[in-house]
There are 2 protein chains.
Amino acid sequence: MPAEDAAVAAGFEHFYETLRRLTPRGPLSLTAASTLRRLERSGPHRLCELYAPEGISQPAMTQLVTRLEKEGLAERTADPTDGRAVVVSITDAGREAVSHRRQVRAEALSALLQGLTPEQYEAVVAALPALERLSDLAAEQAS
Amino acid sequence: MPAEDAAVAAGFEHFYETLRRLTPRGPLSLTAASTLRRLERSGPHRLCELYAPEGISQPAMTQLVTRLEKEGLAERTADPTDGRAVVVSITDAGREAVSHRRQVRAEALSALLQGLTPEQYEAVVAALPALERLSDLAAEQAS
DNA sequence: CCGTCGTACATAAGCGGGTGATATAAATTG
DNA sequence: CAATTTATATCACCCGCTTATGTACGACGG
């Protein structure tokens, strides 16, 4: 491991904690929010396609979907081509919830961004594509 | 809120999920790890100074310290100047656990960093001070 | 000194969200 | 068509958080 990577890792570690505290406690758990975002971003999925990328077990996803359904944020549909399968999709209320959560976090973050110098702000913006690329790399590594 | 902030927020949101999945399942909860890092970084603290910055309730911190103590990662000491207070400090085993966790995450991250172009890598390194500054701003805003 | 009040921590009860083991039903296969 | 695999659900359990409450010490005015 290159030496500089350690510095990057340390910086990310600290920053991760900061981001974590930026969305104190909402009605949605981390996994619930992440799953809703996935459904919003890439459409309906069978339950068996959801739990692995979220890093939880299949029973956990069953229960999560049940909770989301109870709160009206997602819904189950039968898969016509496979009687065993369940297709999970996000509802309008779910989209609304995701959007609201995103908004809250964005505003908290925006307040912080005001405190940066223009150079620092530019550095952050310039790093965004790289961060996005890291996310993609992590996703394909997981698959 | 400036329009570009929304893009930054969206990027961070995605990146946050990536970081979250980078340290899959350890023996330490997120709060436990964060608390140990705090103890490692800024020395022993009274329990009442710990729970607020971690964003949990006082009973939760009492329980967390009890668990950490049971696992030998932290220890309680009486405060000689205040009979009510408890001073919590990290043990060598605790330092070891933090260090190990950090190592695991750093290696996983390092593997991803290999996939960046040199320009992207430089952009990430260049943004580190700004990310650090954001963490500081968040910390002082919380106080 | 001494009752009163605030502060620091612990305990209790309950709940959300995770786990592994197992059940059920539909699809696949030999 | 019996056997097996796959997709989901259910069960029993544990961990970590919550609020409400208990306990012991410190501070402080009479």
Side-chain angles (χ1 to χ4, degrees), chain A residues 17 20-39 44-89 94 97 101, chain B residues 17 20-39 44-89 94 97 101:
Chain A
E17 292 297 335
R20 184 164 76 90
R21 294 197 197 85
L22 217 59
T23 344
R25 59 177 209 286
L28 293 166
S29 74
L30 292 181
T31 309
S34 173
T35 302
L36 280 181
R37 279 194 290 269
R38 181 179 306 274
L39 292 175
H45 284 281
R46 298 170 58 150
L47 203 147
C48 63
E49 300 166 336
L50 283 175
Y51 71 87
E54 294 299 336
I56 61 177
S57 64
Q58 174 267 315
M61 184 53 75
T62 291
Q63 299 173 79
L64 171 56
V65 171
T66 302
R67 287 194 304 271
L68 290 176
E69 202 172 24
K70 206 164 289 178
E71 293 162 10
L73 305 178
E75 52 186 9
R76 284 183 166 89
T77 321
D79 184 335
T81 76
D82 188 338
R84 300 165 300 177
V86 162
V87 176
V88 184
S89 44
R101 184 188 171 95
Chain B
E17 290 298 333
R20 184 163 76 88
R21 295 199 196 85
L22 217 58
T23 343
R25 60 186 205 292
L28 294 165
S29 73
L30 292 181
T31 309
S34 174
T35 301
L36 280 181
R37 278 195 290 269
R38 182 180 305 274
L39 291 175
H45 284 283
R46 297 170 57 150
L47 201 147
C48 63
E49 300 166 336
L50 283 175
Y51 71 86
E54 294 298 338
I56 61 176
S57 65
Q58 174 266 314
M61 184 53 73
T62 292
Q63 296 169 37
L64 171 56
V65 171
T66 301
R67 288 193 305 271
L68 290 176
E69 203 173 23
K70 208 164 287 179
E71 292 162 12
L73 305 177
E75 52 186 8
R76 282 183 168 90
T77 323
D79 184 335
T81 76
D82 188 337
R84 299 166 299 178
V86 162
V87 176
V88 184
S89 44
R101 186 190 171 92

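By convention in this document, chain letters (A, B, ...) are assigned in the order of the sequence lines, proteins followed by strands, and residues within each chain are numbered from 1.
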**Message:** Holding to side-chain contact (heavy atoms from CB on, under 4.5 Å), I want the full list of residues that pass it with B:E71, two or more places apart in sequence or in another chain.
**Reply:**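 Per chain and number, B:E71 pairs via side-chain contact (heavy atoms from CB on, under 4.5 Å) with B:L73.
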**Request:** Return the set of residues passing side-chain contact (heavy atoms from CB on, under 4.5 Å) with B:A32 (not counting sequence neighbours), or none when no residue passes.
**Result:** B:L28, B:S29, B:L64, B:L68
Mind calculating the distance between [atom1] ([X]) and [atom2] ([N]) to the nearest angstrom?
{"X": "B:L64", "N": "C:dA10", "atom1": "CG", "atom2": "C1'", "answer": "14 Å"}
{"X": "A:R20", "N": "D:dG16", "atom1": "CZ", "atom2": "P", "answer": "13 Å"}
{"X": "A:R21", "N": "D:dC17", "atom1": "CZ", "atom2": "C1'", "answer": "16 Å"}
{"X": "B:L68", "N": "D:dC15", "atom1": "CG", "atom2": "P", "answer": "14 Å"}
{"X": "B:Y51", "N": "C:dA8", "atom1": "OH", "atom2": "C1'", "answer": "9 Å"}

OP1 or OP2 of [N] sitting under 4.0 Å from any side-chain N/O of [X]?
{"X": "A:T62", "N": "D:dA9", "result": "yes"}
{"X": "A:R67", "N": "C:dG18", "result": "yes"}
{"X": "B:T31", "N": "D:dC17", "result": "yes"}

**Asked** Which parts of residues 69-77 of chain B get close to DNA chain C, meaning a heavy atom less than 4.0 angstrom away?
**Response**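 Contacting residues: B:R76.
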Nucleotide N/O to protein N/O under 3.5 Å, stretch nucleotides 4-7 of chain C:
| from | atom 1 | to | atom 2 | distance (Å) |
| --- | --- | --- | --- | --- |
| C:dG6 | N2 | B:R84 | NH1 | 3.2 |
| C:dT7 | O4' | B:R84 | NH1 | 3.3 |
| C:dT7 | O2 | B:R84 | NH1 | 3.2 |

**Asked** Any salt bridge (Lys or Arg N to Asp or Glu O under 4.0 Å) pairs touching residues 48-58 of chain A, not counting sequence neighbours?
**Response**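 Passing the test, one end in residues 48-58 of chain A: A:R38-A:E54, A:E54-B:R21.
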Taking only nitrogen or oxygen atoms into account, show me every contact under 3.5 Å that the protein makes with nucleotides 18-20 of chain D, one pair per line with its distance.
| from | atom 1 | to | atom 2 | distance (Å) |
| --- | --- | --- | --- | --- |
| D:dT18 | OP2 | B:S57 | N | 2.8 |
| D:dT18 | OP2 | B:S57 | OG | 2.6 |
| D:dT18 | O4 | B:Q63 | NE2 | 2.9 |

**Request:** Please tell me which of A:D82 and B:V86 maps to the more 5' nucleotide of DNA chain C, matching each residue to the nucleotide holding its nearest heavy atom.
**Result:** B:V86
